[in-house]
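Residue numbers run from 1 in the order of the sequence given. Keep in mind the model is a prediction, meaning the values are calculated, not measured.
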Amino acid sequence: MYSSGFILSITNAIIGGVLIGVASALMLILNGRVAGIAGIYNGILGLTKKDTAWRVAFVAGLVFAGVLFFQIAPELFVNESKRSTPVIIISGLLVGFGTILGSGCTSGHGICGISRGSVRSFLATLTFMMAGFFAASLMGYYGL
């Protein structure tokens with residue numbers, strides 16, 4: 001039927017999705033803030049001067065949790081994409097450019113915006129997904 005790897009992958013995805021949803025809900029309930037990572041990061045860069053401390057703490061928490069989790073389960077951080085470092089760097093820059101064009105990222109629009117019924121966030125997420133499918137198809141076609 002299904003392999004144990006497939007079941008583990010589905011389980012991890014469900015657990016991760018629930019944790020992201022709970023964290024986003026707690027951010028909104030406890031702080032009145034949308035957990036859009038691009039917006040939080042932009043605030044650190046000086047676009048919003050008065051509330052930098054919580055933004056730095058939020059991003060530091062993300063980095064700390066990643067480092068801590070890497071120490072606990074390094075096998076989960078293996079790059080299985082077989083993409084070269086330049087392709088990964090260019091891809092990351094394109095994602096950053098896309099978040100600027102979309103006035104936010106998938107965490108802000110896809111998780112927080114859609115759950116609040118925002119049409120703009122639904123359209124932004126749809127655009128992100130379509131661009132991702134298109135880019136992945138092109139990369140597969142050209143063997144990048």
**OP:** Might you point out which heavy atoms bring F58 and I37 nearest each other, and give the distance in Å?
**Re:** CE2-CD1, 3.3 Å
Original post:
Roughly how far, to the nearest 0.5 Å, is the CD1 atom of I111 from the CG atom of L28?
Top reply: 13.0 Å
Original post:
Got a sec: does the CE of M129 have more than 12 other heavy atoms crowding it under 6.0 Å?
Top reply: no
Subject >> R33 vs W54, side chain to side chain contact (heavy atoms under 4.5 Å, CB included): CA-CA, chis, key distance, verdict >> reply: CA-CA 11 Å; R33 303 274 183 174; W54 75 267; 3.8 Å; yes
Original post:
Which residue pairs pass the salt bridge (charged side-chain N to carboxylate O under 4.0 Å, His left out) test with at least one member in residues 120-142, sequence neighbours excluded?
Top reply: none
Subject >> T99 side chain vs G96 backbone, donor-acceptor pair below 3.5 Å >> reply: yes
Subject >> From CD (Q71) to CZ (F77), nearest 0.5 Å >> reply: 9.5 Å
Original post:
Would V59 and V56 show up in the same hydrophobic cluster when neighbours are defined by side-chain heavy atoms closer than 4.5 Å?
Top reply: yes
Subject >> Gap separating the CG atom of L62 from the CD1 atom of I40, nearest 0.5 angstrom >> reply: 7.5 Å
**OP:** Carefully, step by step, assess F128 and V95 under the rule side chain to side chain contact (heavy atoms under 4.5 Å, CB included).
**Re:** CA-CA 9 Å; F128 296 154; V95 168; over 6 Å; no
**OP:** Inspect the surroundings of CZ in F97 and state if more than 12 heavy atoms from other residues, nucleotides or ligands are less than 6.0 Å away.
**Re:** no
**OP:** Check the hydrophobic clustering (I, L, V, M, F, W, Y; side-chain heavy atoms under 4.5 Å; chains of links allowed) and say if Y142 and V87 are grouped together.
**Re:** yes
**OP:** Mind checking the CE-OH spacing from M139 to Y141? Nearest 0.5 Å is all I need.
**Re:** 15.5 Å
Subject >> Test log, rule side chain to side chain contact (heavy atoms under 4.5 Å, CB included), inputs H109 and T127 >> reply: CA-CA 11 Å; H109 285 298; T127 303; over 6 Å; no
Original post:
Is the side chain of T125 donor-acceptor paired with the backbone N or O of G110 at a distance under 3.5 Å, no angle test?
Top reply: yes
Original post:
What are the two closest heavy atoms between G113 and S121, and how far apart are they?
Top reply: CA-OG, 3.3 Å
Original post:
Can you tell me how far the CD1 atom of I15 sits from the CD1 atom of I20, to the nearest 0.5 Å?
Top reply: 12.0 Å
Original post:
Going only through I, L, V, M, F, W and Y residues with side-chain contacts under 4.5 Å, is there a path from V22 to I29?
Top reply: yes
**OP:** Mind listing the closest non-hydrogen atom pair of G36 and C105 along with its distance?
**Re:** C-SG, 4.5 Å
Original post:
For Y41, does the OH atom sit with more than 12 other heavy atoms under 6.0 Å from it, leaving out its own atoms?
Top reply: no
Original post:
At what distance, to the nearest 0.5 angstrom, does OG1 of T11 lie from CD1 of I14?
Top reply: 6.0 Å
Original post:
Within the distance-only criterion (no hydrogens, no angle test), does the side chain of R55 pair as donor or acceptor with the backbone N or O of N42 below 3.5 angstrom?
Top reply: no
Subject >> C112 to V34 - nearest heavy-atom pair and separation >> reply: CB-CG1, 3.3 Å
